[in-house]
Amino acid sequence: MAQISLTFPDGNLRSYDAGVTAADVAQSIAPSLAKKAISATLDGAHIDLAWPIETDGAIAINTMADDAAALELIRHDLAHIMARAVQEIWPDVKVTIGPVRDQGWFYDFDRAEPFTPEDLAVIEDRMRRIINARDPVKTEIWDRARAIAHYEAKGEPFKVELINRIPGDEPLRMYWHGDWQDLCRGPHLQHTGQVPVDGFKLMNVAGAYWLGDSSRPMLQRIYGVAFRTKADLNAHLIMLEQAALRDHRKLGREMDLFHFQEEAPGRVFWHPNGWRIYTQLQDYMRRRQYGDGYVEVNTPQVVDRKLWVASGHWDNYQENMFIVEVEEEHAQQKAINALKPMNCPCHVQVFNQGLKSYRDLPLRMAEFGACNRYEPSGALHGLMRVRGFTQDDAHIFCTEDQIESETAKFITLLASVYSDLGFDSFEIKLSTRPEKRVGSEESWDYVEAALENAIKATGYPYEIDPGEGAFYGPKLDFKLTDAIGRQWQCGTFQVDPNLPERLDANYIGADSAKHRPFMLHRAILGSFERFIGILIENFAGKLPFWLAPRQVVVASIISDVDGFTLEVVEKLRAVGVRAEADTRNEKINYKVREHSLGKVPVILAIGAREVEDQTVSLRRLGDKHSRTLPLAEVLQQLADEARAPDQR
RNA sequence: GCCCUCAUAGCACAGCGGUAGUGCAGCAGUUUUGUAAACUGAAGGUCGGGAGUUCAAAUCUCUCUGGGGGCACCA
């Protein structure tokens, strides 16, 4: 029999008969290891203990102590155990697929009746029974015809379709958990009892299209989460509760920032507190862009169809546009306009006014552009996905050889803005030429290289996403990471030679001839609405002092001091601090509690002693204690803090 | 847009066939208070809109609108 040699993590080399399984290998090392083993890693691939190994390689035996391998197997086995439980309870349910995902797994079922929350509890109980039965897991490779015949006989049409979609040269692997059987590429645990019986929970039911295709039937997806221990599961559930506490929709209500109502779905009614955040952020961005050589413009929100036809949006983006028909008095037919979904065509119109010289380039044209997009109703989500929003948009008109330096300049600005706003880490993704594209290969080569060189020059880490660029040019996406580790794609940078072409933008070069400029679409925040949502969640409502809508509440302890309280408020306002008085007939405890819940960063309490000494008692949000300080010192300190990061 | 689900006072919720309740907020009074909820009182709701079933609907059915969880979408 042929021999193979396997290398172990400690560097040891051992020789085995070809076809040896990882279980055999584990047994050959130590019976105790064989008992603890859950899977193996062979040349980086996660393999089942039962699979035969035919070639040399580097092997490691995994146990429950191996984080990634254990979690993957637990979650994957639970997907199958759940599917088995469902079919044991409702034999007519059709099974589809059930992958591991995020902190758990899901499995999609086809069933006429919807699953209810009560059903989930019943399924969970059945799953625990299956786990406690410690049913052995076994696997076999079947040939295609046998597998298809088997599933046709069982009445599992989705499995038949799945097999037909698997490339012909791939082996079809069958798994059994006890008597229940499923098609699966594996690997799996050795028996169901290896799954921690108290480390999982079924979370919710949701609709999901078969194969992710909205023209195919909608299935019922059950989501579950799973961990190695009950403690890990509980920690995860607590984390979810904590995340819910920073939901911007909840905080928006509690802090009186904004509201939505059904007459204007997907559009924000900003309250005074929320609008202060918005204007503060916009003022900041305006200064930063001005400092980086941008000019600011403002363009119409309602524009005739002609422009959208010329820009290509009418053909490619119409279903996302709000169309406005107007009966004009003298017109033969109705005028058809659209609310702008993007600012770029309007910016080209501004560029096209007057003849431009190469000396005018690069021309960095910014607009806090109010856009409207008809987002599908199911996509709307608080401030994060709205139908009316304002972008921190700009278009840089430039020559081809300016692309690289403009890219580097933009990344530097973006990094500085993110840092000022409290986000220290972000990732760059470079999306390159897609299959369907316009433009020459040489041009794509040049522009892609310009972007990559620019990123390298700034030194920030990046990844390449092949084929994900726009049809007209490559793009950069910038994803920042928030305080609880979630990623948000905010910044974007796209190279576009297409729109200047369509809208006939040109400039006079040094050679006195007309040339076509490039257009760089770019945004740092994305939309103010969404970014403010992200800020609220990142800081759990406790915004940095300069962004906080209410910065200071000056609270009287006794009504005799109201005069001094009002005086302090006035002095704070005079030095640029957003201050308000609380002279209500309430105890100081009550006031402190209320304003703390309202996320006011600083409370200044005033009592008789403070008036006497011209001091204030300063308490910061989250602090247990207050400090008594001279008024003059506090005024100075808070005035400094109230300045935006770029003004310090 | 699709599946499931929800909609009761400003907010958080209870009521689930006999015609609406609790807490907090708000209002009025008492209290002058030292760092996360003082006390008392009187108010406050066409139970999301419309239709139907019923002697009777917040409660059951249908439908529309909006929200939530997902899926699809995000040139």
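Remember, it's a predicted structure, so these values are computed and weren't measured experimentally.
Sorted by first then second residue, the salt bridge (charged side-chain N to carboxylate O under 4.0 Å, His left out) pairs that include residues 531-543 of chain A, not counting sequence neighbours, are A:R486-A:E537.
Nucleic acid contact for A:E586: base, since at least one base atom lies under 4.0 Å from a heavy atom of the residue.
As the counterpart of B:C27, B:G41 is assigned, both hydrogen-bonding distances of the Watson-Crick or G-U wobble pattern falling under 3.5 Å. Nucleotide B:G21 forms a pair with B:C13, judged by Watson-Crick or G-U wobble geometry with both contacts under 3.5 Å. Nucleotide B:U33 forms no Watson-Crick or G-U wobble pair with any nucleotide shown, as no partner meets the under 3.5 Å limit on both distances. In a base pair of the Watson-Crick type (N1 to N3 plus N6-O4 or O6-N4) or a G-U wobble (N1-O2 and O6-N3), with each distance short of 3.5 Å, B:A72 is matched with no nucleotide. Across all strands shown, B:U61 forms a Watson-Crick or G-U wobble pair with B:A51, both key distances being under 3.5 Å.
Look at CG on A:L219: it is 17 Å from P on B:C2, rounded to the nearest Å.
Side-chain nitrogen and oxygen atoms of A:H381 include at least one within less than 4.0 Å of the OP1 or OP2 phosphate oxygen of B:G69. Note on A:Y590: a side-chain N or O is less than 4.0 Å away from OP1 or OP2 of B:A25. Side-chain N/O atoms of A:S377 include one lying less than 4.0 angstrom from OP1 or OP2 on B:G1. Look at A:Y317 and you won't find any side-chain N or O under 4.0 angstrom from OP1 or OP2 of B:C73. Side-chain N/O atoms of A:R385 include none lying less than 4.0 angstrom from OP1 or OP2 on B:G67. Phosphate contact (OP1/OP2 of B:A72, side-chain N/O of A:R221, threshold under 4.0 Å): absent. Close to B:A36, at under 4.0 Å from its OP1 or OP2, lies a side-chain N or O of A:R619. Residue A:R627 places no side-chain N or O under 4.0 Å from the OP1 or OP2 atom of B:G34. When the side-chain nitrogen and oxygen atoms of A:R249 are compared with OP1 and OP2 of B:G68, one or more of them lie within a distance under 4.0 Å.
Spacing between B:A14 and B:G23 at atom P, rounded to whole Å, works out to 16 Å. Taking atom C1' on both B:G48 and B:A58, the two are 12 Å apart, rounded to the nearest angstrom. For B:U59 and B:G52, the P atoms lie 14 Å apart once the distance is rounded to whole Å. Distance check on atom P: B:C4 versus B:U61 gives 14 Å, rounded to whole Å. Nucleotides B:G45 and B:G21 are separated by 11 Å at their C1' atoms, to the nearest Å.
Of the candidates A:H395, A:H347, A:Q391, A:E367 forms a side-chain hydrogen bond (donor to acceptor under 3.5 Å, both in side chains) with just one, namely A:H347.
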Close N or O pairs between protein and nucleotides 9-16 of chain B (under 3.5 Å):
unit_1	atom_1	unit_2	atom_2	d
B:A12	OP1	A:R253	NH1	2.9

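Checked against B:A75, B:C4, B:C71, the side chain of A:P114 finds its nearest nucleotide in B:C4. Comparing B:A37, B:G1, B:G26 by their nearest atom to the side chain of A:R584 picks out B:G26. Nearest nucleotide to the A:Y209 side chain, out of B:G34, B:A36, B:G1: B:G1. Each of B:A36, B:C2, B:C73 was ranked by its minimum atom distance to the side chain of A:S596; first place goes to B:A36. Comparing B:A72, B:A36, B:G66 by their nearest atom to the side chain of A:E262 picks out B:G66.
Outside the 6.0 Å centre-distance limit, the rings of A:Y418 and A:F478 are not counted as a close aromatic pair.
For the pair A:Y374 and A:A470, nearest-nucleotide mapping onto RNA chain B gives the more 5' position to A:Y374.
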